[in-house]
Amino acid sequence: VQLQASGGGLVQAGGSLRLSCAANGRTSGSRNMGWFRQAPGKDREFVAAISWGGGTTYYSDSVKGRFTISRNNAKNTVSLQMNSLRPDDTATYYCAAYRGVDFRGANYYTDQRQYNIWGQGALVTVSS
């Protein structure tokens, strides 16, 4: 089972990008999913998460109101629409499959150790 992220690139501040994460098999359709990012020289951090049915979403404070996570279980894809991008959004973005059935609170869905399948990452660079 693998996750493949795509859609990264170079964009000017204020612009938009859409990342997609495709899963082979039934990974994304039956799992809660998340997006994390890692900027150069920094730890990987939580960005957004979505429940398996798509009815529950969570965002980090830094992206709330600008990013939207969504999913299409029929196509086994999870997307991250990123608007009003800023230079500090520059990072490699990773999609990941949550290991548990329920998110169980912020201590769990923001914790990368709770995700056991990871995509290879998509680089997003935002120029000022």
Side-chain angles (χ1 to χ4, degrees):
V1 176
Q2 292 181 326
L3 301 177
Q4 181 77 30
S6 61
L10 174 64
V11 64
Q12 288 188 332
S16 298
L17 278 176
R18 185 177 182 87
L19 301 180
S20 291
C21 177
N24 62 13
R26 295 180 60 192
T27 299
S28 72
S30 60
R31 303 278 291 270
N32 295 342
M33 299 290 292
W35 285 95
F36 287 74
R37 68 185 182 185
Q38 187 168 20
K42 295 187 177 181
D43 293 335
R44 189 154 52 185
E45 64 175 3
F46 169 78
V47 175
I50 188 167
S51 60
W52 68 269
T56 301
T57 57
Y58 300 104
Y59 298 93
S60 67
D61 288 342
S62 62
V63 307
K64 196 174 297 181
R66 300 186 298 121
F67 290 12
T68 302
I69 188 171
S70 61
R71 67 191 301 159
N72 184 328
N73 287 343
K75 295 183 177 181
N76 270 345
T77 58
V78 178
S79 298
L80 185 69
Q81 177 66 41
M82 304 183 294
N83 299 329
S84 301
L85 283 162
R86 309 184 306 217
D88 61 358
D89 293 317
T90 294
T92 299
Y93 285 71
Y94 300 89
C95 61
Y98 189 75
R99 66 171 71 243
V101 175
D102 298 312
F103 279 130
R104 300 177 62 188
N107 287 343
Y108 290 87
Y109 63 75
T110 62
D111 184 353
Q112 59 182 306
R113 296 171 298 178
Q114 300 301 324
Y115 296 78
N116 62 349
I117 301 175
W118 291 81
Q120 88 288 2
L123 179 61
V124 173
T125 303
V126 184
S127 62
S128 57

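When a residue number appears, it is its place in the shown sequence, counting from 1.
Considering only heavy atoms from C-beta on, W118 comes within 4.5 Å of R44 through its side chain. Side-chain atoms of Y94 and Q112, non-hydrogen and from C-beta on, never get closer than 4.5 Å to each other.
The line from CD of Q2 to CG of N24 is 5.5 Å long, rounded to the nearest 0.5 Å. Interatomic distance, CZ of R18 versus OG1 of T68, reported as 8.5 Å (0.5 Å rounding). Here CG of L85 is found 8.5 Å from OG1 of T90. Values are rounded to the nearest 0.5 Å. Atom CZ of F103 and atom OG1 of T56 lie 8.0 Å apart (nearest 0.5 Å). A distance of 10.5 Å separates CG of N116 from OH of Y98, quoted to the nearest 0.5 Å.
For F67 and Y59, the gap between ring centers reaches or exceeds 6.0 Å.
Within 6.0 Å of the CZ atom in R99, the count of heavy atoms belonging to other residues, nucleotides or ligands exceeds 12.
Within the structure, the disulfide bond (SG atoms under 2.5 Å apart) test picks out the following pairs touching residues 75-115 (sequence neighbours left out): C21-C95.
Without hydrogens or angle criteria, N73 side chain to W52 main chain gives a donor-acceptor distance under 3.5 Å.
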Can Y108 and D102 be said to form a side chain to side chain contact (heavy atoms under 4.5 Å, CB included), step by step? CA-CA 9 Å; Y108 290 87; D102 298 312; over 6 Å; no

Checklist entry - Between M82 and V11, does a side chain to side chain contact (heavy atoms under 4.5 Å, CB included) hold up when you go through it step by step? => result CA-CA 11 Å; M82 304 183 294; V11 64; over 6 Å; no

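Taking each heavy atom of L80 and A48 in turn, the nearest pair found is CD1-CB, 4.2 Å. The minimum heavy-atom distance between L3 and A23, with the atom names listed, is CD2-CB, 3.5 Å. Pairing each heavy atom of V63 with each of V47, the nearest pair is CG2-O, 3.5 Å.
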Listing, residues 120-128 side-chain donor-acceptor contacts under 3.5 Å, not counting sequence neighbours, or none:
{"unit_1": "Q120", "atom_1": "OE1", "unit_2": "A5", "atom_2": "N", "d": "3.1"}
{"unit_1": "Q120", "atom_1": "NE2", "unit_2": "A5", "atom_2": "O", "d": "2.9"}

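Partners of N83 by side chain to side chain contact (heavy atoms under 4.5 Å, CB included), not counting sequence neighbours, listed by chain and number: S16, Q81. Residues passing the side chain to side chain contact (heavy atoms under 4.5 Å, CB included) test with D88, sequence neighbours excluded: R86. Partners of E45 by side chain to side chain contact (heavy atoms under 4.5 Å, CB included), not counting sequence neighbours, listed by chain and number: R37. Residues satisfying the side chain to side chain contact (heavy atoms under 4.5 Å, CB included) test with F46, not counting sequence neighbours, are F36, A49, Y58, S60, Y109, T110, Y115.
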